[in-house]
K.L.:
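Got a structure here, written out as structure tokens. Questions coming.
Computed from a predicted structure; not experimentally measured.
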Amino acid sequence: MPEAYDHNQIELKWEQRLRDPSLYRADPSAPAPKYYVVEMLPYPSGRLHMGHVRNYSIGDALARYMWMRGYNVQHPMGWDAFGLPAENAAIARGRHPREWTISNIAEMKRQMYRMGFAYDWDLEITTCEPEYYRWNQWFFLKMLERGLAYRKKAMVNWCPKCATVLANEQVIDGCCWRHEDTPVEQRALEQWFWKITQYADELLRDIDTKLAGGWPERVLTMQRNWIGRSEGSEIDFTLEGSGEKIRVFTTRVDTIYGATCVILAPEHPIAAKLLDETGRARAKQMIDARAHKGPGDLEKDGHFTGAYAINPYSGDRLPVWIGNFVLMEYGTGAIMAVPAHDERDFDFCKTHGIPIRPVIRPLDGELDENPEAAFTEDGIVERSGEFSALSSAEARRKMNQCAEREGFGKAAITFRLKDWGISRQRYWGTPIPVIHCAKCGTVPVPESDLPVVLPHDVKFTGEGRSPLAEVASFMNVACPQCGGPAKRESDTMDTFVDSSWYFYRYLDPKNEKAPFDSAIVAKWFPMDQYIGGVTHAILHLMYSRFFTKVMRDLGLVSNDEPATNLFTQGMVLGHDGTAMSKSKGNVVDPEEMIEKYGADTCRLFVLFAAPPEKDMPWIEASVGGPRKFLERVHRFVVRNSDGTAPGDAAADRRALRKLHQTIRKITEDFTNRWHFNTSIAALMELINDLYADEESLSRSALDQISPTLVLLLAPFAPYLAEELWEALGRKGPVFRQRWPSYDDELAKEDAAEVVLQVNGKLRGRILVHFGASSEELEKAALADPKVQPFLSGKQVTKVVVVPDKLVNIVVR
RNA sequence: GCGGAGAUGGCGGAAUUGGCAGACGCACUAGCUUGAGGUGCUAGCGGGUAACACCGUGGGGGUUCAAGUCCCCCUCUCCGCACCA
């Protein structure tokens with residue numbers, strides 16, 4: 001009896017032997033085509049979770065397969081090491097974020113080694129190290145130079161009890177995460193923004209021209225919606241009295257003769273001027289209420305300012321309101337309300353007693369004088385002066401021309417996409433490299449002074465201003481321009497900055513002169529494959545795309561997009577089919593599973609349980625299947641590794657045929673759609689067949705089958721593959737061997753099985769030689785004893801023959 | 001509300017191009033093996049029937065010799081966005 005499959009003994013042995021990162025190194029001088037595959041880097045939260053195991057098992061299988069296909073594979077890993085949890089740990093447990101983060105990284109790296117992921121660890125990057133984040137700062141300065149970075153007042157969540165700014169994820173049901181009964185307020189703070197909107201058009205266009213086909217359609221749709229381009233008009237309404245202009249954005253200027261009021265966002269600067277004290281209190285109330293907005297919709301609320309504005313087309317005198325449903329961040333922060341032709345306006349005007357004036361007639365009907373609901377489709381314009389009787393589309397065109405001619409408006413395009421607010425009132429992030437000088441204003445830190453190093457000794461109370469603001473030695477600095485006393489910026493950068501370009505830095509991680517060497521990047525970019533969770537479909541990927549375009553415009557890279565292909569894997573769910581969470585108690589710890597079943601089994605299960613793009617539940621009872629399979633492979637290879645074997649030609653033929661069918665199947669799965677669940681199922685079928693014929697196989701057949709089987713297993717269960725490769729007396733490592741090729745002739749069945757149907761129902765099957773003629777098949781089918789009873793007393797009206805496959809006899 | 005994805009045995013899933021529904025695995029049942037077993041092996045396993053017939057891929061219609069797959073209508077589930085003017 002051969003020794004049993006002892007996963008711990010095998011895996012720990014090979015983990016040690018295969019530790020050298022140079023084994024996984026790409027060879028820059030190799031003539032082989034490059035393949036750059038990156039899995040989204042983890043946040044070092046403490047331990048690997050099943051989502052990581054899945055993500056990295058997919059990427060690892062792919063990297064190993066591509067190596068075996070002879071590609072020059074680059075496969076790095078790193079740490080998204082800045083972020084809020086580290087700071088929370090500091091507040092809750094008094095551990096320094098740095099120490100907490102570094103020890104988490106060590107732990108997770110140990111786990112990744114244990115899993116046997118094939119990374120070139122010499123490329124490792126850690127975003128919280130000054131060697132990395134200094135280039136965030138450098139990019140910030142470049143953005144500033146190019147006018148892509150600017151400062152403006154923006155609203156933040158504010159907890160009055162902590163007297164501190166809250167991140168969105170710290171706001172729970174509109175209240176502070178630490179004070180559940182304290183509603184969050186909105187406060188305006190000077191913050192830094194990056195002008196991603198300057199690239200809105202290109203970001204949108206390249207979705208179709210550069211990404212379609214290589215990125216999941218779902219992600220592209222989300223990005224298109226997020227960018228939200230919409231064409232319309234901007235029109236000035238003149239305030240009665242002051243003559244000040246209120247500019248509104250509308251996509252339906254054709255309805256403007258139906259406007260019955262103008263509504264400003266409560267934050268609108270003009271609103272502050274028009275409102276009295278009560279009005280301003282109402283505005284503040286609306287702003288705060290919006291922050292608490294839970295899943296339930298907010299009631300439409302409004303307040304009349306007392307002012308009137310003139311419709312430039314009709315001359316109508318319209319009341320000016322503020323309304324809680326008008327967003328300052330979108331369009332111009334002001335709208336014209338056309339209740340007859342917009343549902344929201346209809347709602348608003350109904351509740352506030354504002355008149356409704358229909359001006360669009362449906363193409364196939366009459367103008368509804370007393371509408372019960374808004375008619376929002378295009379139609380024929382009526383009661384609109386010189387524009388009457390035009391179609392909506394034509395009216396919009398003419399009205400835009402008119403606005404431009406008269407100087408009170410123009411055609412305009414608005415994006416939903418907003419500029420990227422990168423300021424965080426946090427400690428554990430990249431310090432923003434600017435200095436505030438009373439004399440010179442906002443002064444960038446000179447490039448030669450980078451990095452602006454995050455100070456180590458900081459108090460974490462979770463209260464008060466940003467922690468950095470309290471560190472005098474950090475804050476007080478001489479102004480780089482005038483040398484006078486000045487203060488550093490105390491905000492740090494959003495951690496999405498770190499993850500927007502890390503895949504470039506991997507290629508040249510130790511460069512001290514530049515973020516990376518452009519020549520090296522040019523060789524490897526764009527990434528051939530990027531793999532991660534769909535949760536990052538919008539923000540991370542949009543910011544990464546933006547960064548790439550900025551880097552291109554800086555002359556650093558020549559690619560327009562970071563990745564040609566994106567793959568989004570599904571989530572790993574608990575046994576109850578819902579997302580794993582501590583509160584539900586359905587969390588499965590990968591390390592426990594590795595202990596119990598082995599890393600190879602974990603990988604295999606996570607790839608086998610579902611196709612990789614789908615969510616999959618972790619059902620421990622099912623893990624035994626892949627485990628048993630590995631045991632069977634181990635047993636088969638070990639006990640057949642030498643000695644004589646009887647040899648039965650028919651059994652050999654069967655086994656080799658199945659072997660070649662399996663190679664073909666797995667090769668196709670890798671090429672087409674990554675359905676590794678079916679690849680592994682094919683391997684299971686193969687081993688099942690081999691067991692059935694084991695006694696009869698010849699020595700020479702076994703000598704072909706076993707090594708090939710091991711090679712096929714290698715991308716999915718690398719540890720066992722190494723062990724068996726060695727047991728077969730081969731020189732490793734196995735993931736640097738050639739992927740086996742298949743022979744279609746050998747894979748071919750001896751005879752074609754043809755299905756016999758009568759009226760589309762299966763009645764029998766026959767074996768025939770391949771390429772049998774339709775006449776032959778028809779004759780055989782009509783004569784078949786299983787088919788005959790279904791023909792008696794019936795008239796054959798038609799016979800459909802699909803050669804080598806099927807005969808369908810149609811009877812009446 | 002808008003947009004996207006999906007619904008197949010007790011469970012996870014397979015069927016890639018309109019051509020045998022349920023591959024592979026789990027669970028379950030029976031037999032053999034074992035001193036014993038969370039072991040190994042063999043067989044069975046959609047419903048239905050003594051066996052056939054027949055029924056069966058969320059529901060209803062349609063196209064076709066043939067539909068899980070194509071078309072129309074409906075229901076439900078998940079995800080994203082959600083007053084975007």
Side-chain angles (χ1 to χ4, degrees), chain A residues 1 4 216-222 224-226 228-230 232-233 248-253 255 263 290 293 295 297-300 323-327 329-338 341-345 347-348 414-418 534-535 537-538 570-571 575 577-578 604-605 608-611 613-629 631-632 635 665 668-669 672-673 675 677-686 688 691-692 753-765 789 797-802 805-811:
Chain A
M1 204 47 194
E217 197 46 50
R218 181 162 63 127
V219 171
L220 299 182
T221 305
M222 282 194 236
R224 274 188 210 103
N225 294 341
W226 191 258
R229 182 181 194 272
S230 76
S233 322
V248 306
F249 174 73
T250 177
T251 53
R252 294 296 305 276
V253 69
T255 65
I263 312 175
R290 199 143 59 186
K293 181 176 67 172
D297 267 0
L298 211 54
E299 285 282 305
K300 275 199 181 47
N324 64 342
F325 70 105
V326 180
L327 307 174
E329 317 83 68
Y330 184 75
T332 58
I335 63 163
M336 63 175 194
V338 184
H341 304 297
D342 181 285
E343 281 167 30
R344 295 153 302 179
D345 299 348
D347 258 20
F348 185 85
T414 289
F415 291 92
R416 206 195 82 110
L417 182 71
K418 289 179 274 181
V534 74
T535 38
I538 299 178
M571 284 193 297
H575 57 86
T578 65
L604 215 56
F605 177 68
F608 176 69
E613 72 277 8
K614 272 192 62 175
D615 289 351
M616 61 158 277
W618 181 279
I619 296 166
E620 198 182 332
S622 302
V623 179
R627 164 73 197 204
K628 198 159 79 182
F629 162 71
E631 286 171 6
R632 279 159 72 82
R635 216 178 304 135
K665 167 74 184 148
E668 282 170 0
D669 278 341
N672 300 331
R673 48 175 208 172
H675 277 200
N677 54 328
T678 60
S679 304
I680 293 164
L683 280 169
M684 288 172 168
E685 282 187 56
L686 172 63
N688 289 347
Y691 265 60
E753 192 182 50
V754 171
V755 168
L756 308 179
Q757 296 181 337
V758 178
N759 283 349
K761 288 194 174 152
L762 177 71
R763 296 304 181 196
R765 51 188 94 218
T797 55
K798 188 175 179 180
V799 179
V800 180
V801 180
V802 182
K805 273 207 167 150
L806 166 145
V807 180
N808 187 15
I809 302 164
V810 186
V811 299

K.L.:
Of all residues at least two apart in sequence or in a different chain, which pass the side-chain contact (heavy atoms from CB on, under 4.5 Å) check with A:Thr251?
P.N.:
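A:Thr251 satisfies side-chain contact (heavy atoms from CB on, under 4.5 Å) with A:Ser230, A:Phe249 only.
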K.L.:
Say you pick atom C1' in B:G56 and the same atom in B:A21; how far apart are they, in whole Å?
P.N.:
9 Å
K.L.:
So if I take every side-chain heavy atom of A:Lys300 and compare against B:G80, B:A85, B:C83, which nucleotide ends up nearest?
P.N.:
B:C83
K.L.:
Taking only residues two or more places apart in sequence, or in another chain, which ones meet A:Glu343 in a side chain to side chain donor-acceptor pair (under 3.5 Å)?
P.N.:
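Listed in chain order: nothing, the list is empty.
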K.L.:
Distance check, P atoms only: B:A7 and B:C71, in whole angstrom units.
P.N.:
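Here B:A7 and B:C71 have their P atoms 15 Å from each other.
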K.L.:
CG of A:Asn759 versus P of B:U64: gap in Å, rounded?
P.N.:
15 Å
K.L.:
With sequence neighbours left out, what residues match A:Asn677 under side-chain contact (heavy atoms from CB on, under 4.5 Å)?
P.N.:
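Per chain and number, A:Asn677 pairs via side-chain contact (heavy atoms from CB on, under 4.5 Å) with A:Pro611, A:His675.
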K.L.:
For the pair A:Asn808 (side chain) and A:Gly760 (backbone), establish whether a donor and an acceptor sit closer than 3.5 Å, ignoring hydrogens and angles.
P.N.:
yes
K.L.:
Test of understanding: with side-chain contact (heavy atoms from CB on, under 4.5 Å), list the residues that count as partners of A:Arg763, not counting sequence neighbours.
P.N.:
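Per chain and number, A:Arg763 pairs via side-chain contact (heavy atoms from CB on, under 4.5 Å) with A:Val758, A:Lys761, A:Val787, A:Phe790.
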K.L.:
In whole Å, what separates the P atom of B:A67 from that of B:G62?
P.N.:
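Between the two P atoms, the distance is 13 Å.
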K.L.:
Does any donor atom in the side chain of A:Arg632 or A:Asn688 lie under 3.5 Å from an acceptor atom in the other side chain?
P.N.:
yes
K.L.:
Quick one: side chain to side chain donor-acceptor pair (under 3.5 Å) partners of A:Glu685, sequence neighbours excluded?
P.N.:
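Testing A:Glu685 for side chain to side chain donor-acceptor pair (under 3.5 Å), a comparison that skips the adjacent residues, returns A:Lys658.
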K.L.:
Base, sugar-phosphate alone, or nothing: which one does A:Val338 contact when heavy atoms must sit under 4.0 Å apart?
P.N.:
nothing
K.L.:
Sticking with atom C1', work out how far B:U63 lies from B:U77, rounded to a whole angstrom.
P.N.:
29 Å
K.L.:
Can you check each nucleotide of nucleotides 15-41 of chain B against protein heavy atoms at under 4.0 Å and return B for base, S for sugar-phosphate only, - for none, in 5' to 3' order?
P.N.:
SB--BB--BBSS-------------SS
K.L.:
Take atom CD of A:Glu329 and atom P of B:A82, then tell me their distance rounded to the nearest Å.
P.N.:
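It works out to 11 Å between those atoms.
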K.L.:
Between A:Arg252 and A:Ala692, which residue's closest nucleotide on RNA chain B lies nearer the 5′ terminus?
P.N.:
A:Ala692
K.L.:
Nearest whole angstrom, please: distance from the P of B:C79 to the CE of A:Met571.
P.N.:
7 Å
K.L.:
For A:Asp669, check side chain to side chain donor-acceptor pair (under 3.5 Å) against everything at least two apart and list the hits.
P.N.:
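Counting only residues at least two positions away or on another chain, A:Asp669 forms a side chain to side chain donor-acceptor pair (under 3.5 Å) with A:Lys665, A:Thr678, A:Ser679.
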K.L.:
Could you list the residues that satisfy side chain to side chain donor-acceptor pair (under 3.5 Å) with A:Glu329, not counting sequence neighbours?
P.N.:
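Listed in chain order: nothing, the list is empty.
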K.L.:
Does B:G68 fall in syn (glycosidic angle within 90° of 0) or anti?
P.N.:
anti
K.L.:
Taking A:Arg416 for the side chain and A:Trp226 for the main chain, is one N or O donor matched with an acceptor at less than 3.5 Å?
P.N.:
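Between the backbone of A:Trp226 and the side chain of A:Arg416 there is a qualifying donor-acceptor contact (under 3.5 Å).
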K.L.:
Which part of the nucleic acid, if any, lies within reach of A:Arg229 when heavy atoms closer than 4.0 Å are counted: base, sugar-phosphate only, or nothing?
P.N.:
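The residue A:Arg229 makes no contact with any strand.
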K.L.:
Need one value for A:Thr414: base, sugar-phosphate or nothing, where a base atom within 4.0 Å counts as base even if backbone is also close, heavy atoms only.
P.N.:
nothing
K.L.:
Please work out if A:Asp615 contacts a base, only the sugar-phosphate, or nothing of the nucleic acid, heavy-atom cut-off 4.0 Å.
P.N.:
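Sugar-phosphate: the residue A:Asp615, judged by heavy atoms under 4.0 Å, touches backbone atoms but no base.
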K.L.:
In whole angstroms, how far is the C1' atom of B:A82 from the CZ atom of A:Arg224?
P.N.:
19 Å
K.L.:
Quote, to the nearest angstrom, the C1' distance that separates B:U34 from B:U49.
P.N.:
39 Å
K.L.:
Work out how far the C1' atom of B:A15 is from that of B:G31, and round it to whole angstrom.
P.N.:
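Straight-line distance between the two C1' atoms is 32 Å.
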K.L.:
Rounding to an integer number of angstrom, what distance separates B:G6 and B:U17 when you compare their P atoms?
P.N.:
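Approximately 14 Å lies between the P atom of B:G6 and that of B:U17.
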K.L.:
Using the P atom as the point on both nucleotides, what is the distance between B:G61 and B:G68, in whole Å?
P.N.:
15 Å
K.L.:
Under 3.5 Å, which N/O atoms of the protein pair with N/O atoms of nucleotides 1-8 of chain B?
P.N.:
none

K.L.:
What's the CH2-C1' distance between A:Trp618 and B:G13, to the nearest Å?
P.N.:
16 Å
K.L.:
Is a side-chain N or O of A:Asn225 found less than 3.5 angstrom from the main chain of A:Gly228, in a donor-acceptor match?
P.N.:
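Answer holds: no.
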K.L.:
For A:Phe325, enumerate each residue passing the ring-ring contact (aromatic ring centres under 6.0 Å, His included) test, keeping only those at least two apart in sequence or located in another chain.
P.N.:
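ring-ring contact (aromatic ring centres under 6.0 Å, His included) list for A:Phe325, sorted by chain: A:Phe348.
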K.L.:
Want to know the stems of RNA chain B: at least 3 consecutive Watson-Crick or G-U pairs with distances under 3.5 Å, which are they?
P.N.:
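So far as stems of 3 or more pairs are concerned, RNA chain B shows B:1-7 with B:75-81, B:10-12 with B:24-26, B:28-32 with B:40-44, B:58-62 with B:70-74.
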K.L.:
Who passes side-chain contact (heavy atoms from CB on, under 4.5 Å) against A:Val802, sequence neighbours left out?
P.N.:
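A:Val802: side-chain contact (heavy atoms from CB on, under 4.5 Å) contacts with A:Lys805, A:Leu806.
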